[in-house]
There are 2 protein chains.
Amino acid sequence: MLYPMSAGAQEDAVQESSRGAAWGAPVLRVAILDRDSGFIQVLCKRLDRIGLEHRVLASPVPLDVLASMRLSALIVDLTVLGPQAWEWLQRVCAELPDLGVVVCTGSSTVAQRVRGLRLGADDWISKPCHPEEVIARVEGLVRRRSNTSGRAAKAPIAVGELEVRGDRFQAFVRGQSLDLTRREFELIELLAGAEGRVLEREEIYSRLWGYVMVRGDRSVDVFVRKLRQKLKAASPGWRYIHTHFGIGYRFAVEPAAKHSDGDIAEETAAERDPRLDAALQPAEDSDLTLAALSAD
Amino acid sequence: MLYPMSAGAQEDAVQESSRGAAWGAPVLRVAILDRDSGFIQVLCKRLDRIGLEHRVLASPVPLDVLASMRLSALIVDLTVLGPQAWEWLQRVCAELPDLGVVVCTGSSTVAQRVRGLRLGADDWISKPCHPEEVIARVEGLVRRRSNTSGRAAKAPIAVGELEVRGDRFQAFVRGQSLDLTRREFELIELLAGAEGRVLEREEIYSRLWGYVMVRGDRSVDVFVRKLRQKLKAASPGWRYIHTHFGIGYRFAVEPAAKHSDGDIAEETAAERDPRLDAALQPAEDSDLTLAALSAD
DNA sequence: GCGCCTGTAAAGATCCTGTGACCATTTGCC
DNA sequence: GGCAAATGGTCACAGGATCTTTACAGGCGC
């Protein structure tokens with residue numbers, strides 16, 4: 001037998017999760033794709049109460065529109081989608097890997113649920129269902145996703161002369177702001193947070209833009225260029241972003257070209273400043289700490 | 001061992017960590033904490049059929065033991081845990097953030113489900129339930145986790161002075177980068193990952209290029225040459241890539257030829273026999289080779 | 001010794017990235 | 001609302017880096 005939940009437990013949990021988002025995490029944004037007015041009404045009321053941004057859609061929208069909404073999660077009734085349901089579901093899950101998808105549909109067979117989950121749905125709830133449970137599942141989903149992908153983002157990252165402050169959405173060189181735009185900042189944060197590792201263009205793109213990169217898209221390159229430009233202007237003695245031909249980019253501080261050596265990883269472990277390694281250390285195991293904190 | 005696992009997991013654990021480094025997805029490992037023999041039996045049968053390693057626990061185990069099992073996911077019936085259920089669940093979720101937790105319990109109230117999910121459970125399924133759905137949910141869970149956090153999973157391969165780092169797309173000799181191009185890196189990663197084994201040209205080609213090699217294509221040879229060149233420049237005292245005439249290449253560290261013996265395959269028939277002929281076998285009917293590859 | 005296989009080198013084709021200019025959209029301001 | 005600046009994103013071109021092909025020389029096994 002299970003043990004009943006104490007009265008205040010859920011309120012606390014809700015407060016906590018929205019407060020936990022404080023500054024760093026963008027507000028949770030959820031879309032509901034359904035036509036069941038009763039369900040929508042009840043759910044929206046709940047969402048309103050806990051202060052989640054939400055939006056109701058009555059019919060399937062094109063993927064790029066969906067992407068532009070920058071949602072955290074989508075709650076969808078497959079019956080709204082008609083015969084294209086499976087295909088649409090699959091495409092959404094494939095092309096918007098950062099979007100949490102919760103199917104919330106009337107009666108369904110095991111085979112249908114399995115199919116939906118295999119296509120990439122994150123959860124499948126059968127109606128009738130309690131809005132509180134729907135919300136709890138959505139929150140869990142979002143919490144897990146942000147735990148795993150965006151964890152190292154918060155602590156300020158310091159590399160050489162550069163300092164990336166997640167709390168200000170800015171990067172500084174010797175205390176002076178680089179005056180980065182939103183995308184530029186997101187990019188430098190991502191790169192610096194993965195210092196040493198090579199990030200593939202596709203990964204960078206899907207993390208910053210939220211959906212999969214189409215072949216031939218040069219956006220990442222363009223923003224890398226803009227970043228390099230500002231970095232060079234503010235910190236001419238160092239190079240930060242290194243190109244890995246055919247793969248992507250890697251972030252590492254290096255003295256600016258002594259000899260016009262190729263730019264691909266001429267940097268060696270021996271050459272690397274011990275200070276840098278030390279500075280990097282906390283970032284590597286910070287995931288445990290943060291995870292423990294956020295789960296608190 | 002206290003808790004027997006079905007597929008000889010303990011021995012494999014060691015193997016796996018080295019094998020998993022290459023490309024293979026790490027094996028999914030699941031534990032079931034339940035006493036419902038019918039449920040367990042049906043579920044295990046399914047798990048067996050799809051080749052998932054699994055292990056059944058009848059009572060809660062200490063967290064460190066759980067951690068030592070290196071599970072991908074845990075399927076748990078809360079009733080087994082008794083009054084400590086919520087606390088145990090919370091601690092598991094908090095302290096093992098990489099472990100997927102699926103609660104699978106008999107009747108429950110909305111409040112209980114919400115509480116469980118808020119404490120960190122990844123999913124909550126009500127019994128009776130279909131094992132297929134349980135598996136689909138576990139798989140989805142693991143898939144999502146590995147998508148987001150498991151990127152850095154590529155463990156470095158170290159052979160003698162050489163170190164191949166998947167996360168940097170680079171190989172290092174005594175800490176110094178070899179400055180490899182993409183294909184060169186893929187090749188050395190493949191070879192070093194199969195250290196000691198002879199890889200046929202056709203296999204190398206189809207793994208790197210993704211399609212079958214046409215007769216007369218010399219690409220593999222050319223890249224082997226480039227690799228040898230860079231390896232020799234960085235690590236002149238050693239030889240790494242060995243030619244097997246008429247077959248392919250084998251990766252192994254060896255001191256560079258002391259006597260000016262021809263550098264091509266000074267070890268021939270003697271060493272060749274046992275493994276080689278076995279390895280060569282499938283080559284005769286290329287159908288087999290290809291089938292194996294595509295299934296890989 | 002002969003035919004086949006591999007090492008080596010270089011030329012050409014191909015693909016990838018850096019770059020600057022340009023347009024669309026959003027944001028801030030009056 | 002209208003205007004101007006800032007920002008995000010696209011395009012085309014030029015210069016490199018990388019890959020593929022080809023040719024030839026030398027080694028290997030029979």
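Just so we're on the same page: letters track the sequence lines, and every chain starts at 1.
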Would you call B/Y249 and B/D221 a side-chain contact if the rule is heavy atoms closer than 4.5 Å? yes
Verify the contact: side-chain N or O of [X] to OP1 or OP2 of [N], cut-off strictly under 4.0 Å; return yes or no.
X      : N      : answer
A/S219 : D/dG8  : no
B/Y249 : C/dC5  : no
B/W209 : D/dT20 : yes
B/R218 : D/dT21 : no
A/T243 : C/dC16 : no
A/R183 : D/dT7  : no
A/R201 : C/dC16 : no
B/T181 : D/dC19 : yes

Of D/dG29, D/dG8, C/dA9, the nucleotide closest to the side chain of B/Q229 is C/dA9
Looking for any heavy atom pair under 4.0 Å, which part of the strands does B/R225 touch: base, sugar-phosphate only, or nothing? base
Within the 4.0 Å heavy-atom criterion, would you say B/V222 contacts the bases, only the backbone, or no part of the nucleic acid? base
Counting neighbours of CD on A/Q41 that are heavy atoms of other residues, nucleotides or ligands and sit closer than 6.0 Å, is the number greater than 12? no
Check this for me: does the side-chain of A/R228 come within 3.5 Å of the base of C/dG18 through a donor and an acceptor? no
